[in-house]
Peer 1: 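Supplied in C-alpha cells, the structure appears directly below.
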Amino acid sequence: MYREDPNRKPPSEETVGDCLKRWFAQMIAQRALRPSSIARYEVNLAHVHRLIGACKLRSLTPWDIQNVYTTLLNEGRAAATVRHVRVIIYGALQDAVAWDLVARDPARGTKAPKVPRRELQIPSTEQAQNLLKVSESDRLFAL
C-alpha cells in the first residue's frame, strides 16, 4: 500500500470525468485524429461523463463500468457504440494506471456486448440487371 511505501503516492481524488478530460487532451495531442474521429470520441465521452463522471476515480468498480454498458444498451444505443465506449474507458483507465492515479484497472473483467453480424444482402440477377439499366444514364455509370 502507499502508506507503507513512501515512494508510492495515495490514490487520486480526481473524478472519472476529470480524468477523462485530461486523458482525451493527451490523446488528441499525441495522435493525428481526424475531426470526425474527435467528434465521435466527444459524443461517446459525453455518455461516460453523464453516467459515471462524478464518481471518484479511486472508487470506480467493474460493476460501475458494466452498468454503463447496460444503461447505454437499455437507452437504445447500438452495440457498436457501446463497444466504442468500452474502448474509451479501457484506454483511459490503462493510462490512469500507468500515471499512478489508480492501482488497478477497474475496466478489466467487464464485457462489452457483441455486435450482431448483418447478413449480406446479395441482389438477384434480375435486380442487378435492373440496377445497371437504371444507372446507364448516370454520370457515374462507368464505376
Side-chain angles (χ1 to χ4, degrees), residues 1-2 5 7-143:
M1 286 306 274
Y2 68 90
D5 182 358
N7 297 319
R8 183 103 173 132
K9 66 181 193 174
S12 175
E13 290 294 318
E14 190 172 29
T15 65
V16 172
D18 291 338
C19 179
L20 285 173
K21 285 178 191 172
R22 288 194 316 147
W23 172 81
F24 190 53
Q26 289 289 326
M27 190 186 69
I28 289 175
Q30 293 173 357
R31 297 180 185 160
L33 295 175
R34 295 181 313 214
S36 60
S37 296
I38 292 171
R40 183 176 177 207
Y41 270 95
E42 288 172 340
V43 166
N44 289 328
L45 277 167
H47 295 308
V48 180
H49 280 281
R50 175 176 55 91
L51 296 170
I52 57 172
C55 294
K56 294 283 187 190
L57 186 59
R58 64 181 164 80
S59 62
L60 188 64
T61 66
W63 175 257
D64 296 327
I65 296 168
Q66 193 67 52
N67 193 42
V68 168
Y69 309 151
T70 303
T71 301
L72 290 174
L73 287 171
N74 289 340
E75 290 175 351
R77 306 288 178 209
T81 298
V82 178
R83 289 186 73 81
H84 189 251
V85 167
R86 182 179 187 278
V87 167
I88 291 170
I89 291 172
Y90 196 81
L93 290 175
Q94 282 188 325
D95 286 344
V97 170
W99 297 336
D100 287 332
L101 299 175
V102 289
R104 62 174 185 74
D105 180 359
R108 285 185 164 223
T110 61
K111 293 182 173 42
K114 295 206 183 285
V115 178
R117 288 185 174 246
R118 293 187 201 161
E119 189 173 319
L120 186 60
Q121 299 291 327
I122 301 171
S124 67
T125 306
E126 184 179 301
Q127 290 171 326
Q129 288 172 343
N130 284 340
L131 176 65
L132 289 173
K133 191 173 194 173
V134 170
S135 64
E136 280 178 349
S137 61
D138 191 276
R139 66 181 180 86
L140 299 175
F141 176 70
L143 289 176

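Please read these numbers as outputs of a predicted model, since none were measured by experiment.
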Peer 1: Please name the pair of heavy atoms, one in Ala103 and one in Val97, separated by the smallest distance, quoted to 0.1 Å.
Peer 2: O-CG1, 4.3 Å

Peer 1: Decide side-chain contact (heavy atoms from CB on, under 4.5 Å) for Ile52 and Val48; before the verdict, give the C-alpha distance in whole Å, the side-chain angles of both, and the deciding distance to 0.1 Å.
Peer 2: CA-CA 6 Å; Ile52 57 172; Val48 180; 3.7 Å; yes

Peer 1: Gln26 versus Gln30: any side-chain heavy-atom pair under 4.5 Å?
Peer 2: yes

Peer 1: Check the pair Ile89 / Leu20 against side-chain contact (heavy atoms from CB on, under 4.5 Å), numbers first and verdict last.
Peer 2: CA-CA 8 Å; Ile89 291 172; Leu20 285 173; 5.7 Å; no

Peer 1: Under a 4.0 Å threshold between the charged nitrogen and the carboxylate oxygen, would Arg58 count as salt-bridged to Glu14?
Peer 2: no

Peer 1: Indicate yes or no: at least one non-hydrogen side-chain atom of Leu93 is less than 4.5 angstrom from one of Ile65.
Peer 2: yes

Peer 1: Over all heavy atoms of both residues, which pair between Gln94 and Asp105 is shortest? Give the atoms and the distance, please.
Peer 2: CG-OD2, 3.5 Å

Peer 1: Are the side chains of Leu33 and Met27 in contact, using a 4.5 Å heavy-atom criterion?
Peer 2: yes

Peer 1: Quiz question: by atom type and distance under 3.5 Å, do the side chains of Asp18 and Thr15 form a donor-acceptor pair?
Peer 2: yes

Peer 1: Rounded to the nearest 0.5 Å, how far apart are CD of Gln121 and CD of Gln127?
Peer 2: 9.5 Å

Peer 1: Would you say Thr70's side chain and Gln66's backbone share a donor-acceptor pair under 3.5 angstrom?
Peer 2: yes

Peer 1: Which atom pair, heavy atoms only, marks the closest approach of Leu57 to Ala96?
Peer 2: CD2-CB, 4.4 Å

Peer 1: Just how far is it from atom SG of Cys19 to atom CG of Asp95, taken to the nearest 0.5 Å?
Peer 2: 8.5 Å

Peer 1: Can you check side-chain contact (heavy atoms from CB on, under 4.5 Å) on Phe24 and Glu42, steps first, answer last?
Peer 2: CA-CA 9 Å; Phe24 190 53; Glu42 288 172 340; 3.7 Å; yes

Peer 1: What is the minimum heavy-atom distance between Pro106 and Thr61, and which atoms define it?
Peer 2: CB-C, 4.0 Å

Peer 1: Roughly how far apart are Asp64 CG and Leu60 CG, rounded to 0.5 Å?
Peer 2: 5.0 Å

Peer 1: Applying side chain to side chain contact (heavy atoms under 4.5 Å, CB included), name anything that partners Val43, two or more places apart in sequence or on another chain.
Peer 2: His47

Peer 1: With side-chain contact (heavy atoms from CB on, under 4.5 Å) as the criterion, how do Thr110 and Arg86 come out once you've worked through the C-alpha distance, each side chain's angles and the decisive distance to 0.1 Å?
Peer 2: CA-CA 9 Å; Thr110 61; Arg86 182 179 187 278; 3.7 Å; yes

Peer 1: Quick one, Leu72 and Thr81 - any side-chain contact, counting heavy atoms below 4.5 Å?
Peer 2: no

Peer 1: How would you list all residue pairs meeting salt bridge (Lys or Arg N to Asp or Glu O under 4.0 Å) that involve residues 45-54, not counting sequence neighbours?
Peer 2: Arg50-Glu75

Peer 1: Answer with yes or no whether the side chains of Ser135 and Asp138 bring together a donor and an acceptor at under 3.5 Å.
Peer 2: no

Peer 1: Hey, can you pull the donor-acceptor pairs under 3.5 Å for the side chains in residues 34-41, sequence neighbours left out?
Peer 2:
none

